[in-house]
S.K.: 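Please find one structure pasted underneath; my questions will follow.
Order of listing sets the numbers, starting from 1, for every ligand and every atom in it.
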Amino acid sequence: MGLIADSLRNLTILAVHMCSMGFSEKCLRHVVNLEAERAYRNFFGRSLRFSNFLPPNVLTACFRSKHKFPGKLLKGVDGYEKESVLMGYDGLDDLIGNDRSREKLCENLKVENIDFDATLACKRFPSITLECMYKNLHSLYAEISNMDAPYILEEKIEKSTTYSQSPDRNTEPRNALQSTADNPFSKAGSKIQQTAASVAEILDKCIKCIPGLTKRQLSQLESCGFHTLRKLLHHFPRTYADLQNAEVEIDDGQYLIFVGKIMSSRNDNHFYLLGKGIKGKDGNLGIRASCSFAFLEVIVACEVADIELNSECTADEVENRRKRSIYLHLKKFFRGTRFTYTPFLRSIQEKYTEGDIVCVSGKVRTMRNKDHFEMREYNIDVVKEEDDSCVPLIYPLIRKEAIKTLPVDLDPLPKDVTQDFQLLSLSDAYIGIHQPTNLSMADLARRRLIFDEFFYLQLGKLFQMLEGLGTKLEKDGLLERYTKPELNTIFMEEWSSITKKFMKVLPYTLTSSQLSATSEIILDLKRPVPMNRLLQGDVGCGKTVVAFLACMEVIGSGYQAAFMVPTELLAIQHYEHLLGLLDKIEETSEKPSVALLTGSTLTKQAQSIRKGLQAGDISMVIGTHSLIAEKVEFSALRIAIVDEQHRFGVVQRGRFNSKFSNGSEMILEDEINTDVASDFLVPVAKRCLMTRINLTLKFLTISFYELYFNSITSQLTSISSNEPQKNDVTMAPHVLAMSATPIPRSLALALYGDMSLTQITDLPPGRTPVKTYVIEGNEVGFESAYQMMSEELGGGGKIYVVYPVIEQSEQLPQLRAASADFETISNKFSGYNCGLLHGRMKSDEKDDALRRFRSGETNILLSTQVIEIGVDVPDASMMVVMNAERFGIAQLHQLRGRVGRGERKSKCLLLASTTSSLKRLKVLEKSSDGFYLANMDLVLRGPGDLLGKNSRVTYRSFLLLVLESSHDLEKYPDLKAELSMRQPLCPLGD
Ligand SMILES: Nc1ncnc2c1ncn2[C@@H]1O[C@H](COP(=O)(O)OP(=O)(O)OP(=O)(O)O)[C@@H](O)[C@H]1O
């Protein structure tokens with residue numbers, strides 16, 4: 001996506017240049033052609049083509065053109081700064097076709113005719129600056145047209161007030177906030193955020209501005225997509241090698257990194273060639289060879305801290321602790337006659353010189369002599385600079401040079417904010433990430449960059465939602481909703497009568513977080529604005545009943561509810577559960593009519609359900625994807641519950657919104673290109689989370705969709721706000737998404753910034769944590785597992801046995817399969833009944849298997865992970881997971897959630913067939929708290945505490961303050977420009 005955006009930007013800026021200079025449309029087409037071809041090459045084979053962004057007529061014309069002129073021209077223009085024109089872009093015609101102020105510009109440029117209004121483009125695209133454009137034109141005129149630049153351009157640059165000229169690279173620019181008297185944080189602060197040089201202007205300079213860049217480097221960088229400083233600086237190192245020598249005890253098989261000096265060998269014996277004793281030039285390497293075998297040995301001496309001395313030493317002692325030398329013997333073997341030629345041997349020998357400081361990494365093996373270690377597979381790099389103590393091993397030095405071009409304190413964020421959050425300035429963050437002197441510096445830099453990712457993601461979402469609203473009042477209202485989420489509760493007395501009755505028939509009392517979640521949701525339901533809320537809670541915490549109560553409230557006000565779940569099994573379970581509860585309500589007149597609609601519903605029955613929904617005779621429908629089939633229409637759908645939302649695709653969720661009113665099928669399906677979202681989001685997810693990428697991606701993609709959803713629904717609401725009657729009909733349904741995937745709150749807020757979040761944090765009373773055992777799946781392990789199973793069955797328990805696959809596979813013979821094991825388990829536990837449940841069974845077979853297990857007809861249910869989601873058999877008391885290493889921690893936690901749902905003590909056995917996986921699985925033994933596990937996952941695999949807990953305000957509150965004081969971000973041009981660079985939606989032309 002970034003690449004596409006880049007190409008689009010290049011193309012557009014070329015268009016800007018050329019049109020401003022009075023080049024004909026034909027020339028423009030040539031350039032477009034060239035750029036389009038480039039982009040086409042880059043993105044060929046991917047679902048998203050550059051051509052998607054071009055009006056078809058321009059594209060066709062361009063592809064036909066074979067003129068050489070654009071090549072030449074492009075060469076001339078290519079090096080100039082490329083500016084972003086992403087905000088609000090509607091296609092080329094939109095950009096160049098406007099004739100307002102054209103005359104004025106013609107006058108300025110002293111040309112007769114021009115097709116383009118530069119000032120207007122600058123106005124529309126916040127990151128194009130006039131002076132920047134003029135500056136480029138100035139150079140263009142001089143260089144390409146061999147003309148003197150029109151003096152009027154100089155004047156323009158001087159006159160410019162909001163943006164000033166690009167800073168001299170060697171002088172430090174003024175800091176934005178130092179020059180701003182008002183605190184931009186304050187609502188009253190009406191002064192516009194000003195910077196000496198726009199941050200975007202600096203970061204989006206062409207990489208040509210990096211001093212000392214050779215032509216070759218330039219073209220290599222450009223061909224890799226590093227067109228601008230920003231692109232280059234945002235290519236972060238994946239990891240760092242700490243070149244301070246290891247302070248650990250050195251054991252066999254460890255992968256270590258050392259810095260040391262290439263030593264001369266103890267005697268000349270190391271230098272033999274074919275036994276003739278040919279001496280190496282520098283006397284430091286050893287090569288032995290037979291006629292087809294060569295051998296290189298490099299000996300590197302390294303100093304390491306003496307570990308025995310400093311177990312509990314003070315800082316001074318640490319400094320002065322004794323060092324000892326160790327010797328690394330780096331050995332490489334070459335087989336084949338061509339490797340025994342003297343020139344070859346000499347050439348490899350000459351690569352390393354005695355006294356060279358080198359960085360060596362590889363697996364060590366102890367040798368017979370004390371402090372001598374062997375490395376057979378290793379990397380060796382000569383460290384050129386002595387002070388390179390913590391730099392990535394092979395690191396493109398070019399970035400160092402790029403950093404030098406940045407002014408100090410470069411930052412689009414106000415200083416107050418960076419101080420509040422204890423964040424580095426942007427320029428320091430670039431230094432910290434690319435040239436850290438120690439790992440904590442790199443960490444601080446990473447924090448700042450992660451902050452930016454989340455901040456701009458959120459700012460972008462809210463900004464667009466605001467743009468979608470009409471009046472200031474509405475905008476303030478929206479921001480208020482985000483500012484004061486805590487006030488969103490309502491007293492039970494105000495619930496509708498059916499909701500209250502439903503509460504009464506529940507066989508238990510709600511936990512306090514279930515109650516407050518229900519209140520929060522019901523308050524939202526009473527608002528005339530569609531709710532967009534995520535209900536999140538650990539497995540088995542009782543989300544379903546909260547969702548049912550929300551449905552009752554809506555039904556109580558005369559509307560319809562839809563409850564969509566990802567599997568048929570779950571739909572049936574919810575349906576039966578709800579009917580059971582409704583049966584207990586005495587007043588038959590108030591009982592809502594509920595229907596079940598899945599793929600297996602008989603055609604006639606499905607038809608009558610659809611009719612009922614259309615006529616409004618059915619108040620609530622529970623079902624699978626069938627609910628969003630085109631034929632289903634609701635008379636007054638008011639709430640859509642989406643259970644386990646991440647298992648539905650974006651478009652599927654979107655479809656619900658097309659159900660809310662006639663003629664509103666405009667919704668999104670075509671407009672949302674999930675690939676686009678993924679293209680953009682993958683790098684974001686990689687960079688800012690580095691973990692749980694798939695999960696994050698799904699969530700972000702959903703958020704991406706929600707953005708559309710919100711703006712459209714908001715627009716609809718604003719349209720209809722003056723017509724209360726119509727409002728009811730056209731208002732999009734409230735959406736309540738439920739997720740049992742525990743995500744730490746900070747992450748959830750960040751990812752679902754545009755959704756309200758409700759969490760159920762406690763479990764129903766009487767639950768005892770499921771005792772978990774991780775067992776190695778060898779003979780002994782299986783025996784003890786079977787032993788535990790028979791004890792459980794003897795005590796009246798029910799057991800799930802979960803398998804990774806249905807059928808035995810030849811490719812993966814180590815995997816136990818549900819079908820194949822059915823007989824084994826049946827024979828083993830002959831006094832008990834076994835059932836089988838997997839995804840390939842027919843719907844009624846599955847339902848039957850689950851029903852028989854629930855009723856106790858079967859005692860053991862052999863199943864695949866189909867039971868992972870939502871299956872609720874409260875008296876199931878044991879789970880055995882075969883090949884547990886094949887499942888993720890979150891998945892195992894979900895599976896384990898199928899037991900321990902009643903009052904019976906439950907256990908879970910994780911049988912791992914590999915010893916290496918035992919350690920990972922043990923984390924489940926220690927905790928049954930999904931949030932803890934998710935956090936552990938983040939800490940172990942990812943960035944840990946993303947934004948820290950000590951910040952005085954969250955970044956959310958900052959962005960709310962920013963938007964409150966300036967809905968359109970006019971007061972924060974730097975933020976707006978930065979946003980436009982990061983804005984994922986713009987290339988879609990929205
Ligand atoms: N307050 C409560 N007290 C006692 N039992 C409860 C309470 N709330 C729900 N339950 C019971 O807990 C079990 C799990 O509830 P439910 O299926 O709603 O959980 P869930 O959060 O949807 O779980 P999952 O994420 O696994 O789908 C059900 O049997 C339900 O009847």
S.K.: List in chain and number order the residues that pass ring pair (Phe, Tyr, Trp, His ring centres under 6.0 Å) with Tyr800, two or more places apart in sequence or in another chain; answer none if no residue qualifies.
M.R.: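 Applying ring pair (Phe, Tyr, Trp, His ring centres under 6.0 Å) to Tyr800 gives Phe853.
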S.K.: Taking Lys846 first and then Glu568, would you say they form a salt bridge - that is, a charged N and a carboxylate O separated by under 4.0 Å?
M.R.: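 No, this pair does not count.
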S.K.: Quick one: does ligand 1 sit under 4.0 Å from the side chain of Gln894, the backbone, both or neither, non-hydrogen atoms only?
M.R.: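 Contact part for Gln894 vs ligand 1: neither.
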S.K.: Looking only at distances, can you tell me whether any N or O atom of Pro874, backbone or side chain, sits closer than 3.5 Å to an N or O atom of ligand 1?
M.R.: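 It does not: no N or O of Pro874 is found under 3.5 Å from an N or O of ligand 1.
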S.K.: Within a distance under 4.0 Å of any heavy atom of Thr511, pick out the atoms of ligand 1 and give their elements.
M.R.: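 Answer for ligand 1: 1 (N).
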S.K.: In ligand 1, which numbered atoms sit nearer than 4.0 Å to a non-hydrogen atom of Asp872?
M.R.: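 So the answer, numbered in order with elements, is 13 (C), 28 (C), 29 (O).
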S.K.: State the atoms of ligand 1, each with its element, that fall below the 4.0 Å cut-off from a heavy-atom position in Thr544.
M.R.: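 Near Thr544, meaning under 4.0 Å from one of its heavy atoms, ligand 1 has 16 (P), 17 (O), 18 (O), 22 (O).
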S.K.: Taking only Lys NZ, Arg NE, NH1 and NH2, and the carboxylate oxygens of Asp or Glu, determine whether Glu586 and Lys504 approach each other closer than 4.0 Å.
M.R.: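 Looking at Glu586 and Lys504, the cut-off is not met.
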S.K.: Can you name the side-chain contact (heavy atoms from CB on, under 4.5 Å) partners of Leu510, sequence neighbours left out?
M.R.: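 Partners of Leu510 under the side-chain contact (heavy atoms from CB on, under 4.5 Å) test: Met503, Leu506, Tyr508, Gln514, Leu515, Thr518, Val545, Leu549.
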S.K.: Got more than 12 heavy atoms from elsewhere within 6.0 Å of CZ, Arg904?
M.R.: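 Counting other residues, nucleotides and ligands, CZ of Arg904 exceeds 12 neighbours.
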S.K.: Could you say whether the N/O atoms of Arg898 and ligand 1 ever approach to under 3.5 Å?
M.R.: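 By distance alone, the answer is yes.
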S.K.: Which heavy atom of Thr601 sits nearest to which heavy atom of Ala606, and what is that distance?
M.R.: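 Here Thr601 and Ala606 meet closest at CG2-N, 3.9 Å.
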S.K.: Hey, are Arg533 and Thr758 close enough side-chain-wise for a donor-acceptor pair under 3.5 Å?
M.R.: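 Result is yes, a qualifying pair exists.
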S.K.: Below 4.0 Å from any atom of ligand 1, is there a heavy atom belonging to Gly897?
M.R.: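 Gly897 does not count as a contact of ligand 1 under the 4.0 Å cut-off.
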S.K.: Below the 3.5 angstrom mark, is there an N/O of Cys541, backbone or side chain, next to an N/O of ligand 1?
M.R.: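 Yes, there is a polar N/O contact under 3.5 Å.
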S.K.: Where does Thr509 meet ligand 1, judged by heavy-atom distances below 4.0 Å: at the side chain, the backbone, both, or neither?
M.R.: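 For Thr509, only backbone atoms sit under 4.0 Å from ligand 1.
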S.K.: So is Gly540 polar-close to ligand 1, meaning N/O to N/O under 3.5 Å?
M.R.: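 Yes, there is a polar N/O contact under 3.5 Å.
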